[in-house]
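Encoded as structure tokens, the structure appears first; notes follow it.
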Number of protein chains: 2
Amino acid sequence: MDEIKTTDAEVEIAGTGTLGKAMAVLEAVVTAGSPQRFTDIVQSIGQPRGTVHRLLSHLVEEGLLVQGRDLSYEPGLRLLKLAYRSWSGNRFRDIAEPHLLRLHELTGETVHLGVLRETEIIYVDKVESRQTVRMSSQIGKASPAYCTGIGKAALSSLPQPELDRIAAKMTFHPFTAHTHRSAAALLAEIDEIRREGHAFDREEHEAEICCVAAPIAIPEHDLVAGVSVTGPAYRVNMAQLAAWADVVRGAAGKIEEEVRMRLGPGRNGR
Amino acid sequence: MDEIKTTDAEVEIAGTGTLGKAMAVLEAVVTAGSPQRFTDIVQSIGQPRGTVHRLLSHLVEEGLLVQGRDLSYEPGLRLLKLAYRSWSGNRFRDIAEPHLLRLHELTGETVHLGVLRETEIIYVDKVESRQTVRMSSQIGKASPAYCTGIGKAALSSLPQPELDRIAAKMTFHPFTAHTHRSAAALLAEIDEIRREGHAFDREEHEAEICCVAAPIAIPEHDLVAGVSVTGPAYRVNMAQLAAWADVVRGAAGKIEEEVRMRLGPGRNGR
DNA sequence: GATGGAAGTTCCATTATGTGGATCTATGTT
DNA sequence: AACATAGATCCACATAATGGAACTTCCATC
């Protein structure tokens with residue numbers, strides 16, 4: 001599904017020493033989406049076999065990966081456990097949730113809450129339109145910021161230098177005919193979003209899927225996020241989305257305000 | 001909530017070198033449930049300040065933790081991202097899901113799927129009775145095996161030496177009046193569960209909550225798990241649970257069979 | 001507004017730990 | 001049986017982690 005990889009681009013290793021390398025290996029296995037064999041991993045990491053082998057053993061020993069009988073590596077359960085603690089204790093999500101529910105009642109469509117992390121939006125909550133029995137399937141999902149409503153909204157609330165820094169790190173994959181293909185195009189739209197106070201996704205990430213989003217920025221907690229209302233293009237046309245822009249901005253504003261109130265000022269009240 | 005900790009028991013560091021220490025720090029912060037300050041962490045880890053400080057910086061740099069303006073540490077979003085990939089690509093859960101849905105239709109109560117990891121059960125799926133809009137709130141949650149239906153069912157499918165090894169590692173916290181207080185009591189019940197093929201939770205973990213569970217064991221993939229049907233004691237009495245035992249065992253059997261079929265034999269067909 | 005103390009950060013000589021090329025072993029292919 | 005491929009192991013070497021101590025910042029108290 002997410003297999004966009006063209007060549008085995010050797011992963012950039014950060015300045016976090018051993019931990020960074022271990023995380024690169026972990027991420028390589030986890031994002032692959034299918035069980036990875038030793039050789040696959042060695043190639044995608046571009047580190048010597050001995051080193052990768054030891055890192056893998058340690059990751060398995062720690063429960064972050066599991067090794068099957070066919071010697072392939074898969075994500076381990078400890079990741080789920082860690083994430084549970086992370087998600088269930090997330091105060092931002094807790095505070096936002098009632099507002100998401102209200103937004104869902106008002107619009108009847110799917111509502112997302114996502115947080116910006118460098119070039120990606122990570123979804124931290126979702127209120128679905130159809131009452132599927134399944135667990136909300138996208139919590140923790142990461143999508144590129146440049147082609148999602150929440151992403152562009154969140155980016156629009158960054159100070160220009162920070163925006164430029166992040167935009168420079170992006171690679172513009174053309175998911176649909178409407179996806180931005182360059183930083184310039186994105187930045188131009190961001191300017192407009194700043195004026196309007198809300199962003200649209202016009203089938204830029206997935207065909208037939210549109211949304212309207214508004215930014216939530218709490219700089220004193222280094223939190224840049226967004227809310228969106230999403231629907232299928234056949235049901236939710238641009239006029240409808242534009243009509244919802246106000247309530248979405250309103251919800252974002254309320255969340256922002258309440259987070260400020262309940263999380264308190266940061267250090268030095270910055 | 002899970003604050004059972006009495007004294008700051010210095011965490012045991014595994015033989016996984018730097019990664020092990022880093023994970024110990026990460027886990028200390030994540031399981032604390034509230035933002036942890038530097039000194040708190042140093043104490044609960046029992047490592048020198050310089051070392052802990054560097055580990056924390058690296059964890060923050062990697063996005064596994066975030067540091068707030070008040071200098072406290074909290075779980076980072078990267079954990080959610082990793083877990084998403086881990087959960088959404090979990091073939092065991094995919095295969096089990098239709099069976100869970102059917103079980104839910106038959107009983108009308110909450111159905112859980114959990115996997116054993118040493119002394120803990122980690123929930124990987126849940127089908128809820130009331131259609132809450134919220135994301136299923138327990139995916140990734142870890143509960144002790146000795147006081148949950150799924151836990152005891154899963155344990156019952158282990159070979160005796162393995163069971164003994166794991167039981168020896170448990171600490172028996174008395175959650176309710178009905179919780180097992182010793183390995184001996186647990187092992188005695190396990191014997192009975194082996195004969196019956198299913199396990200009950202008689203308000204052993206939480207008051208007023210009961211369940212009936214059956215084991216799913218796929219040794220060729222080192223997978224020991226269980227399914228359960230859970231309900232509030234006032235609505236679901238023991239007679240009702242006993243009546244459901246057959247369908248729960250049936251579902252477990254079907255899942256086991258289908259997993260065997262679809263995941264194929266392990267190496268050497270063991 | 002000075003003083004004391006606690007919390008967090010930085011430094012750096014020491015050495016433990018991770019590194020990675022080479023070698024060995026097991027599996028399964030022609 | 002010989003070969004090929006993938007994975008595991010080894011070990012001299014150098015990098016990167018260690019941790020005690022010094023330093024800085026913040027805040028409470030007088």
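Keep in mind the model is a prediction, meaning the values are calculated, not measured. Just so we're on the same page: letters track the sequence lines, and every chain starts at 1.
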For B:Gln160 and B:Arg194, test the side chains for any donor-to-acceptor distance below 3.5 angstrom and give the result as yes or no. yes

Check the orientation of B:His205 and B:Phe175. Use parallel for under 30°, tilted for 30 to 60°, and perpendicular for over 60°. perpendicular

What's the CD-P distance between B:Gln36 and C:dA7, to the nearest Å? 14 Å

D:dG19 OP1/OP2 closer than 4.0 Å to side-chain N/O of B:Gln47: yes

Sidechain N-carboxylate O distance under 4.0 Å for B:Glu118, B:Arg165: yes

Value in whole Å for how far the P atom of C:dG18 lies from CG of A:Leu19: 12 Å

Axis-to-axis angle between the two ends of the helix from C:dG1-D:dC30 to C:dT30-D:dA1 (five base pairs per end, rounded to 10 degrees): 40°

Closest to the B:Leu55 side chain, choosing from C:dT19, D:dT18, D:dG7: D:dT18

Just how far, in rounded Å, is C1' of D:dA17 from NE2 of A:His58? 14 Å

Nearest-angstrom distance from the residue atom CD1 of A:Ile45 to P of C:dT19: 12 Å

Between A:Lys21 and D:dA16, is there a contact of a side-chain N or O with OP1 or OP2 at under 4.0 Å? no

Straight-line distance of A:Leu100 CG to A:Ser228 OG, nearest 0.5 Å: 9.5 Å

Could B:Glu257 and B:Lys254 be called an ion pair, given the rule that one side-chain N must be under 4.0 Å from one carboxylate O? no

Check: A:Val115 and A:Glu120 side chains under 4.5 Å, non-hydrogen atoms: no

4.5 Å side-chain heavy-atom contact, B:Arg37 and B:Leu71: no

Contacts under 3.5 Å, N or O only, protein and nucleotides 8-12 of chain D:
{"from": "D:dA8", "atom 1": "OP2", "to": "A:His53", "atom 2": "NE2", "distance (Å)": "2.8"}
{"from": "D:dA8", "atom 1": "O5'", "to": "A:His53", "atom 2": "NE2", "distance (Å)": "3.3"}
{"from": "D:dA8", "atom 1": "N6", "to": "A:Arg49", "atom 2": "NH2", "distance (Å)": "3.3"}

State, without any angle test, whether A:Tyr73 and A:Gln67 hold a side-chain donor-acceptor pair at a distance under 3.5 Å. yes

In whole angstroms, the gap separating C1' of D:dG7 from CG of A:Leu56 amounts to 11 Å

C:dG20 phosphate, OP1 or OP2: any side-chain N/O from A:Thr51 under 4.0 angstrom? yes

Could you tell me how the ring of A:His112 sits relative to the ring of A:Tyr123: parallel (under 30°), tilted (30 to 60°) or perpendicular (over 60°)? tilted

Quick one: is D:dT5 close enough that its OP1 or OP2 comes under 4.0 Å of any side-chain N or O from A:Thr39? no

